[in-house]
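As the structure lists them, so they are numbered: ligands from 1, and atoms in each ligand from 1. Because only heavy atoms are used, hydrogens play no part in the values below, and waters and symmetry mates are left out as well, while side chains stay in.
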Amino acid sequence: MGLSVRMLVAIAFVLTQLVHGALCWGKDGHYTVCKIAEGYFEEETVAAMKRLLPESADGDLAAFCSWPDEIKRLSQWQWTSVLHYVNTPEYRCNYEYCRDCHDSHKHKDWCVTGAIFNYTNQLMSASENSQSIVHYNMTEALMFLSHYMGDVHQPLHTGFLGDLGGNTIIVRWYNRKTNLHHVWDNMIIESALTTYYNSSLPLMIQVLQAKLTNGWSNDVPLWESCQLNQTACPNEYASESIDLACKYAYRNATPGTTLGDDYFLSRLPIVEKRLAQGGIRLATTLNRIFSAKPKLFRL
Ligand SMILES: *[C@@H]1O[C@H](CO)[C@@H](O)[C@H](O)[C@H]1NC(C)=O
Ligand SMILES: *[C@@H]1O[C@H](CO)[C@@H](O)[C@H](O)[C@H]1NC(C)=O
Ligand SMILES: *[C@@H]1O[C@H](CO)[C@@H](O)[C@H](O)[C@H]1NC(C)=O
Ligand SMILES: *[C@@H]1O[C@H](CO)[C@@H](O)[C@H](O)[C@H]1NC(C)=O
């Protein structure tokens with residue numbers, strides 16, 4: 001009693017903003033990762049997109065890459081919110097699956113890398129054996145995998161537990177008050193769009209695609225390969241992320257700092273490369289899943 005509607009709306013707004021700060025790459029980041037991936041899909045993967053995605057997507061994965069962010073606030077999906085990130089202990093610049101991949105109740109596998117293994121395995125077993133009873137919803141598995149593959153490439157999605165991956169580090173981005181996590185999810189991309197790309201996301205994506213066939217072309221095969229020829233290797237990506245978080249994201253970004261040109265210009269290349277790597281790795285993972293030939297002599 002006593003709380004006016006206006007007050008409730010205001011509280012809801014503040015909560016939404018707070019929760020929003022804890023999201024992963026913003027909508028633009030996820031769209032970019034998935035759009036880049038689409039350019040590298042093999043034929044079987046393109047066919048799988050048409051089969052699995054909701055009809056309104058018209059086979060365009062990028063249209064549904066932010067779905068896990070859109071639903072995670074609904075009560076029936078709240079359990080998925082811990083699957084967007086993994087934290088390392090205070091000031092540890094390395095990542096270890098067994099030490100780090102759990103939720104706050106120490107449930108093993110409840111983190112972004114665990115979720116990538118989970119949804120890769122679900123899609124693999126459905127793809128390898130179409131006769132088997134499918135226990136899970138493969139549309140959801142595809143949307144989760146595509147989203148989390150983007151998240152694991154955002155350096156502060158493998159950040160320190162103490163500051164919740166930069167969420168509690170309040171900084172200024174030029175003259176706007178925000179937190180360090182949000183800077184890496186949204187602000188660097190936003191500033192790049194207005195500074196270099198005439199506020200056009202398609203233009204930014206085109207430039208990244210061009211870099212993939214020119215400047216980065218020698219690196220792409222390395223980005224594609226997984227140690228031990230696994231279908232997915234999220235542990236490698238999380239290790240890279242915490243390393244970049246320590247070297248670039250946290251550096252010179254203590255609470256109360258104003259981040260401006262120096263930070264923006266030196267960190268933007270990192271963000272661009274992580275978006276591109278996320279796209280390449282999503283594509284190769286999906287290609288491995290959907291072009292997997294049935295194993296005839298499986299026991
Ligand atoms: C794996 O996926 C299923 C289906 O969405 C879900 O019920 C389960 O909690 C997931 N586990 C992890 C660790 O992601
Ligand atoms: C699979 O999940 C999607 C997204 O949640 C939903 O729209 C669809 O109805 C589900 N399909 C089945 C067969 O439950
Ligand atoms: C920038 O975008 C606006 C529309 O948003 C367009 O009218 C203008 O021509 C664009 N400028 C350049 C240099 O592409
Ligand atoms: C990975 O696959 C390549 C090519 O199929 C093969 O030459 C190599 O031995 C494999 N490596 C491992 C560790 O299985």
Evaluate the 4.0 Å heavy atom contact test for [atom]: does a protein atom fall under the cut-off?
atom: atom 4 (C) of ligand 3; result: no
atom: atom 14 (O) of ligand 3; result: yes
atom: atom 7 (O) of ligand 2; result: no

Problem - F64, portion touching ligand 2 at heavy-atom distance under 4.0 Å - result: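 For F64, no heavy atom sits under 4.0 Å from ligand 2.
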Among the heavy atoms of [X], does any lie under 4.0 Å from an atom of ligand 1?
X: E140; result: no
X: G114; result: no
X: F117; result: no

Exercise for the section: Please state whether the rings of H157 and H181 are parallel, tilted or perpendicular, taking 30° and 60° as the class boundaries. Expected result: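 Rings of H157 and H181: tilted, as their planes differ by 30° to 60°.
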Practice task
May I ask you to check whether Y136 has an N/O atom sitting below 3.5 Å from an N/O atom of ligand 1?
Solution key: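 No - when backbone and side-chain N and O of Y136 are compared with those of ligand 1, no distance drops under 3.5 Å.
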Problem - Shortest protein heavy-atom distance from atom 10 (C) of ligand 2, along with the residue and atom involved - result: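 That would be N137 ND2, 2.4 Å.
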Exercise for the section: Under 4.0 Å from a heavy atom of N118: give me the atoms of ligand 1 that qualify, with their elements. Expected result: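 Selected atoms, number and element: 1 (C), 2 (O), 3 (C), 8 (C), 10 (C), 11 (N), 12 (C), 14 (O).
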Exercise for the section: Could you tell me which atoms of ligand 1, counted from 1 in the order shown, lie closer than 4.0 angstrom to a heavy atom of W110? Expected result: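 Answer for ligand 1: 9 (O).
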Handout entry: No-hydrogen, no-angle side-chain donor-acceptor test under 3.5 Å, D100 and T88
Key =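 T88 and D100 do not have a side-chain donor-acceptor pair below 3.5 Å.
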